Amino acid sequence: MKTKKLLFITAFIFSFNYSFSQEKLLDLLNNKKEKQLIRSTFKDSKVINLQSNEMPAKNQLQFIISHRFGKLNDGAYNLWGLDNSQIRFHLSYGITNWISLGLGRSSNNKVYDGWIKYKLLQQSVGRKNIPISLTGYNAIFIKTLKDVTIPDSCSCFANKISYANQLIISRKFSKNTSLEIVPTLLHYNIVDVPNYKNDVFAISIGGRQKITRSIALNVEYNFLLTKNNPDNSNSLSVGFDIETGGHVFQLHLTNAKGMIESEFIGNNTGRWQNGDIYFGFNISRQFNVKKKNNS
Amino acid sequence: MNSYKRISLFILSLHSCILFSQNIENKYITRSGYIDFFSSTPIEDIKAENKTVGSILNSKNGDFVFEVMMKSFKFKNFLMEQHFNEKYVESDEFPTATFHGKINDFKYSYLKESIELPVSVSGFLSIHGVEKEITTNGTLRLKGNQIIATSSFILKPEDFQIKIPAIVRNNIAKEVQIKVYVELSPM
């Protein structure tokens, strides 16, 4: 009887088998959760016309050629706008991972622009949960087109300048969907008509939906809060991003002629319902600029 | 009945003593382990390093586990890092790669200072949501009270359903060299 009970107890002990399984070891490693930054909210530094929260990384040089044709309602004679075109070159450089500078030139009105873009806050999960990214953008535009309608007394350098200031509030909702809201303040040093305001306020919305691993659909809408010219319209653009290796191709349709904020936000008169639809494409390429001391 | 109770109590306390000693002395851990991978093709060489690998070794039975955060692989070229995370390993969906297995025929007493003991490790490696059984060779040695484990082996991206688009197919080798180096300290 006693041996039976002893046997029973020993069996009871060994049934416990309390060795630390491999799964338990993995669990032990798991308790430290690092802060993970959310990256690639948008594919590139622009949604279509609108600035996104993205910018070149440190030591990265980005070159974009933007090509915009004429309006669809230019008619068959002008091959529905394909005969007309304007080009913008854009070169930007990441100084650190959170500041970048850029230069550009548009053939439309022959505007030179320079800008700075900086990350104020970046969306992250893990130890620190930050739901949105905040990015600042400040640009200066210098119009060099000789305009015979402006009297010489008014054509000093300061009159050629306008500014754009934006706060880009963006969030990556899922692997495939991102949205941003951008309040904008534009300032024109000189306006066409005396009672126009020099400051224009607008609010823009941009969105990206990934369709396949390399293709995404982008939409943006720029809503003017103050309108100077009653003819000014809100710009709406739709486009695709296609990424291949080191290049990103963007194809889009928009009702805005210009590609810079002072034009497509504050100075747009195109209307989709009138057929003022411009087809355009951008080609973007990134380069890594390696410094000699980095091996 | 009374003696029954006494015996059970004694055995239970013995049991917990055994458990207690098992818990404390046998685990070696690191959270700053090193893993790198290297792919070489005529077109370009790709290399990335991860310096925050977590690993635990149970010196009682040779159980060995690794946890690797995919987003912690650092490349010199930011675009490569972006493509790696977004398109190849899809690190938003599969943030970690893990290995759980054991060192075959492990005995702690075999480990010596300044002599590299060749060992073989078998277990399950899970990358990009795909689990694969692997066996590979490595070395172990003692350094003070630490155990240093190293290993070099080859993995094929296609084994883990990591799809490389045709346009860059020739930029990435079919076989990628992996190097592991961890310094484990007693827990």
Side-chain angles (χ1 to χ4, degrees), chain A residues 1-2 5-6 8-10 12-14 16-40 43 54 56-60 62 94 97 125-126 172 174-176 210 212-214 216 243-248 285-290 294-295, chain B residues 3-4 7-8 10-12 14-16 18-19 22-23 26-27 29-31 52-58 60-61 63-69 71-72 75-83 85-88 90-93 95-96 98-102 123-124 163 165-168 171 187:
Chain A
M1 220 18 206
K2 242 191 175 171
K5 285 179 192 166
L6 209 62
F8 170 76
I9 293 168
T10 355
F12 187 60
I13 298 173
F14 280 102
F16 260 114
N17 195 23
Y18 214 66
S19 62
F20 252 67
S21 67
Q22 294 163 6
E23 275 68 33
K24 286 222 167 79
L25 289 182
L26 274 173
D27 285 338
L28 278 178
L29 278 172
N30 237 329
N31 43 18
K32 180 185 180 196
K33 265 192 151 184
E34 323 166 5
K35 165 174 151 183
Q36 280 180 55
L37 294 174
I38 298 287
R39 303 195 280 201
S40 297
K43 176 76 254 167
E54 303 295 334
K58 182 174 180 184
N59 293 339
Q60 244 197 337
Q62 184 182 43
N97 268 326
V125 291
K172 190 174 192 180
S174 74
K175 182 176 88 159
N176 295 327
K210 239 173 151 182
T212 73
R213 259 202 315 177
S214 310
E243 183 178 21
T244 64
H247 294 87
V248 179
R285 170 125 189 128
Q286 322 259 38
F287 301 91
N288 238 46
V289 178
K290 281 183 199 156
N294 281 1
S295 56
Chain B
S3 62
Y4 224 142
I7 291 175
S8 323
F10 170 71
I11 286 169
L12 259 138
L14 190 70
H15 191 62
S16 35
I18 294 171
L19 280 179
Q22 253 198 346
N23 286 3
N26 302 299
K27 286 169 216 48
I29 188 173
T30 179
R31 288 193 198 282
T52 56
V53 174
S55 173
I56 298 185
L57 169 64
N58 185 341
K60 191 91 180 144
N61 56 13
D63 276 349
F64 207 179
V65 299
F66 283 79
E67 184 183 69
V68 185
M69 299 291 299
K71 287 187 181 172
S72 301
F75 295 68
K76 288 229 177 70
N77 185 329
F78 181 71
L79 201 63
M80 270 187 200
E81 193 169 318
Q82 205 179 42
H83 286 170
N85 279 293
E86 274 185 68
K87 288 177 155 183
Y88 303 146
E90 299 181 281
S91 55
D92 279 335
E93 249 180 281
T96 53
T98 58
F99 172 79
H100 64 92
K102 70 194 295 153
F124 293 88
K163 296 188 182 72
I167 207 169
V168 289
N171 294 51
M187 206 161 156

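This one's a predicted model, so the numbers in the text were calculated from it and none came from an experiment. Just so we're on the same page: letters track the sequence lines, and every chain starts at 1.
In this structure, the portions of A/E243 lying under 4.5 Å from any heavy atom of chain B include both its backbone and its side chain. Proximity to chain A (any heavy atom under 4.5 Å) is restricted, for B/I29, to the side chain, taken from C-beta onward. If you measure heavy-atom distances from B/N171 to chain A, you find no contacts under 4.5 Å at all. Within the 4.5 angstrom heavy-atom criterion, only backbone atoms of B/S55 (N, CA, C, O) approach chain A. Residue B/S91 does not touch chain A at all, counting heavy-atom pairs closer than 4.5 Å.
Listed options B/E90, B/M80, B/Q82, B/H83 were ranked by heavy-atom pairs under 4.5 angstrom with chain A; first place goes to B/H83. Contact tally against chain B (heavy-atom pairs below 4.5 Å) for A/Q60, A/Q286, A/E23, A/R213: the top residue is A/R213.
Taking CZ of B/F78 as the start and CG of A/N59 as the end, the distance is 12.0 Å to the nearest 0.5 Å. Rounded to the nearest 0.5 angstrom, A/N288 CG and A/K58 NZ are separated by 12.0 Å. With values rounded to the nearest 0.5 angstrom, B/N61 atom CG is found 10.0 Å from A/S21 atom OG. Within the model, atoms CG of A/L25 and OG1 of B/T98 stand 12.5 Å from one another, a figure rounded to the nearest 0.5 Å.
Heavy-atom minimum distance, A/L29 versus B/T30: CD2-O, 4.0 Å.
The side chain to side chain contact (heavy atoms under 4.5 Å, CB included) test with B/K71 is passed by exactly one of B/T52, B/T96, B/D92: B/D92.
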